[in-house]
K.L.:
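I'd like to ask you about the structure that follows.
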Amino acid sequence: MALPPFAASTLTLEARALLSRLDQVKPFAMIMPRVSAAAVSPEAAMAIDQHLIEGRRDLRRRVHGYLRWLKGPGREVTPAEAQRRFSMLRLRFNAGLTQLDIFADALTLRAEHENGTWLGGLDVAADDALELLAPFFDPPPVVTYLDRGQGAAIRRARTRLPGGGENPVALVRIPRERMVGSGIASSLVHEVGHQGAALLDLVNSLRTALRERQRLAQGDARQAWQLWDRWISEIVADFWAMAKVGIAATQGLMAVVSLPRAFVFRIQLDDPHPFPWVRVKLSAATGAALYPHPQWAAFDHLWESFYPREGLDPGRLRIIEALEATMPAFVRLLIDHRPKALRGKKLVDVFPIPERQPARLQALFEAWKHAPQEMRNAAPTLVFAVLGQAKQDRKLSPHAESETVGDLLNRWALRRALRKPGVQLPTTKAKAA
């Protein structure tokens with residue numbers, strides 16, 4: 001049965017309508033209003049626009065290919081077959097527009113007053129969070145954006161996008177309620193940690209070591225090691241945050257997971273996230289291993305007082321006890337791990353642990369009171385670590401913290417926009433107390 005002329009003309013019109021819609025899709029460089037300091041990095045902008053340009057070219061080829069098919073072999077098929085092919089083409093087309101929306105959601109916020117430049121500053125902080133002490137990988141551009149909800153999230157670079165193709169940048173979503181204070185560092189660096197862990201293949205590497213521990217363990221200890229294995233992706237991201245911003249990581253985590261008691265003790269064995277109660281305990285234990293100081297025991301006791309284990313059922317208590325018993329060995333396995341990507345170095349060796357020690361952070365906070373320019377020129381994650389420690393020491397009020405972080409985000413964004421190392425920026429309100 002040949003394709004009737006009316007069916008062919010209808011499908012032709014629909015296909016040409018797709019081309020008309022495609023013509024309306026412009027590069028973000030032409031349509032996104034924002035001040036220069038709120039713009040994403042040139043590398044990110046170029047990667048996003050180039051990806052979308054290639055995607056549009058591919059869609060255009062597919063639509064033209066379908067139109068040629070309609071004029072050729074398609075004339076001999078049934079209307080149902082011609083419609084089937086068009087419906088598949090339209091699904092592919094819509095998936096391509098979904099990619100546009102993914103990036104548009106992130107970039108449109110750059111036009112918001114104040115939030116736009118803060119996002120520019122967060123991009124700079126994210127780049128710093130991804131850096132290690134040596135170049136073990138080629139870091140992708142990072143783009144941050146705000147959204148509703150409590151938790152942060154990341155769409156990692158070099159992962160598959162809806163409709164096909166690799167994501168050209170790392171997209172980090174930050175909850176609006178986290179803006180603005182040093183607590184934002186915990187969410188930001190945790191999500192960046194997921195990207196870093198993927199670039200180093202840390203999860204697979206650690207799982208090999210964890211499964212060997214499972215094989216050797218017995219009884220409740222074996223189940224504990226199985227749980228560490230299941231949760232390792234989130235734990236590695238938590239470790240990344242801890243290694244970059246110190247106690248600010250635990251402060252931020254505690255703020256996010258401070259939920260009603262039923263949720264804090266909800267143990268779901270198929271959940272990739274550790275249940276909140278043990279996650280905060282593990283954060284404190286990791287902090288104590290990296291940065292020995294009495295504050296970690298105080299934080300641990302505080303968390304226990306907020307959520308006492310009394311009244312839990314025997315099954316839950318048994319799991320908690322097994323996790324606590326294996327936690328020291330697990331933390332040691334984590335920080336001493338030597339993944340192949342680090343070329344013989346331990347995981348702990350590639351982060352700036354010495355300069356994040358509490359005494360060092362406390363000294364910097366006092367020094368920056370008299371030399372605020374040094375704080376403005378410091379690495380963003382170091383600044384977040386210093387402010388988090390000062391907050392823990394009750395030397396920084398929430399108002400001063402918010403004012404300082406907001407001002408620094410603006411400065412980091414402006415410095416990147418000017419692209420002139422060592423440029424003297426106008427004096428602003430940033431201060432350390």
K.L.:
Checking Val264 against Val257 for the side-chain contact (heavy atoms from CB on, under 4.5 Å) test, could you report, in this order, the C-alpha distance in whole Å, the side-chain angles of both residues, the deciding distance, and whether it holds?
P.N.:
CA-CA 7 Å; Val264 171; Val257 301; 6.0 Å; no

K.L.:
Is the ring pair Phe275/Trp277 parallel, tilted or perpendicular, if the boundaries are 30 and 60 degrees?
P.N.:
parallel

K.L.:
Under the 3.5 angstrom rule, does the side chain of Gln251 hit a backbone N or O of Gly388 as a donor-acceptor pair?
P.N.:
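Pair found, side chain donor or acceptor close to backbone of Gly388.
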
K.L.:
Any side-chain donor-acceptor pair under 3.5 Å between Arg376 and Gln373?
P.N.:
yes

K.L.:
Side chain of Arg394, backbone of Gln392: donor and acceptor closer than 3.5 Å?
P.N.:
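Confirmed, Arg394 side chain pairs with Gln392 backbone.
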
K.L.:
Look at the side chain of Arg155 and the backbone N and O of Arg173, then say whether any donor-acceptor pair between them is shorter than 3.5 Å.
P.N.:
no

K.L.:
Under a plain distance cut-off of 3.5 Å, with no hydrogens placed, do Asp128 and Thr381 share a side-chain donor-acceptor pair?
P.N.:
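There is such a pair (donor and acceptor under 3.5 Å, judged by atom type) between the side chains of Thr381 and Asp128.
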
K.L.:
Working to the nearest 0.5 angstrom, can you tell me the gap between Leu132 CG and Leu200 CG?
P.N.:
6.0 Å

K.L.:
Report the relative orientation of the aromatic rings in Tyr66 and Phe86; use parallel for angles under 30°, tilted for 30 to 60°, perpendicular for over 60°.
P.N.:
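Judged by the thresholds at 30° and 60°, the geometry between Tyr66 and Phe86 is tilted.
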
K.L.:
To the nearest 0.5 Å, how far apart are CD1 in Ile232 and CG in Leu202?
P.N.:
8.5 Å

K.L.:
More than 12 non-hydrogen atoms from neighbouring residues, nucleotides or ligands closer than 6.0 Å to CZ on Arg207, yes or no?
P.N.:
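Counting other residues, nucleotides and ligands, CZ of Arg207 exceeds 12 neighbours.
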
K.L.:
So does Arg215 get a backbone contact from the side chain of Arg222, meaning a donor-acceptor N/O pair under 3.5 Å?
P.N.:
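Yes; at least one donor-acceptor contact below 3.5 Å.
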
K.L.:
Do side-chain atoms of Trp240 reach the backbone of Ala129 as a donor and acceptor pair under 3.5 angstrom?
P.N.:
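Between the backbone of Ala129 and the side chain of Trp240 there is a qualifying donor-acceptor contact (under 3.5 Å).
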
K.L.:
I'd like a table of donor-acceptor pairs (distance under 3.5 Å, sequence neighbours excluded) in which one partner is a side-chain atom from residues 41-48, with atom names and distances.
P.N.:
from	atom 1	to	atom 2	distance (Å)
Ser41	OG	Glu43	OE1	3.4
Ser41	OG	Ala44	N	3.1
Glu43	OE1	Arg419	NH2	3.3

K.L.:
Between Ile235 and Leu282, is a side-chain contact (heavy atoms from CB on, under 4.5 Å) present by the stated rule, with each step listed?
P.N.:
CA-CA 9 Å; Ile235 289 172; Leu282 178 61; 3.7 Å; yes

K.L.:
Going by atom types alone, do His190 and Glu234 pair a side-chain donor with an acceptor below 3.5 Å?
P.N.:
yes

K.L.:
For this output row, return yes or no: ring centroids of Trp303 and Tyr307 closer than 6.0 angstrom.
P.N.:
yes

K.L.:
Can a salt bridge be assigned to the pair Arg57 and Glu54 using a cut-off of 4.0 Å between side-chain N and carboxylate O?
P.N.:
no

K.L.:
Would the distance check show the side chain of Ser283 and the main-chain N or O of Arg279 forming a donor-acceptor pair, the cut-off being under 3.5 Å?
P.N.:
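Checking the backbone N and O of Arg279 against the side chain of Ser283, no donor-acceptor pair under 3.5 Å is found.
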
K.L.:
Is it true that Arg266 and Asp271 have a side-chain N and a carboxylate O under 4.0 angstrom from each other?
P.N.:
no

K.L.:
Does Thr144 reach the main-chain N or O of Leu119 with its side chain, forming a donor-acceptor pair under 3.5 Å?
P.N.:
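Here the side-chain-to-backbone pair exists.
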
K.L.:
Classify the side-chain pair Asn167/Thr159 by whether it contains a donor and acceptor separated by less than 3.5 Å.
P.N.:
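Side chains of Asn167 and Thr159: no pair found under 3.5 Å.
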
K.L.:
Is Asp23 salt-bridged to Arg60, going by a charged N under 4.0 Å from an acidic O?
P.N.:
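Looking at Arg60 together with Asp23, the answer is yes, because their closest N to O distance falls below 4.0 Å.
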
K.L.:
Quick one: which residue pairs count as a salt bridge (Lys or Arg N to Asp or Glu O under 4.0 Å) with a foot in residues 291-307, not counting sequence neighbours?
P.N.:
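Salt bridge (Lys or Arg N to Asp or Glu O under 4.0 Å) check on residues 291-307 returns Lys281-Asp300, Lys281-Glu304, Glu304-Arg309.
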
K.L.:
For residues 337-347, which residue pairs pass the salt bridge (Lys or Arg N to Asp or Glu O under 4.0 Å) check, not counting sequence neighbours?
P.N.:
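Applying salt bridge (Lys or Arg N to Asp or Glu O under 4.0 Å) to every pair that reaches into residues 337-347, excluding sequence neighbours, yields Asp336-Lys346.
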
K.L.:
If the threshold is 4.0 Å, N to carboxylate O, is there a salt bridge linking Arg318 and Glu321?
P.N.:
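Looking at Arg318 and Glu321, the cut-off is not met.
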
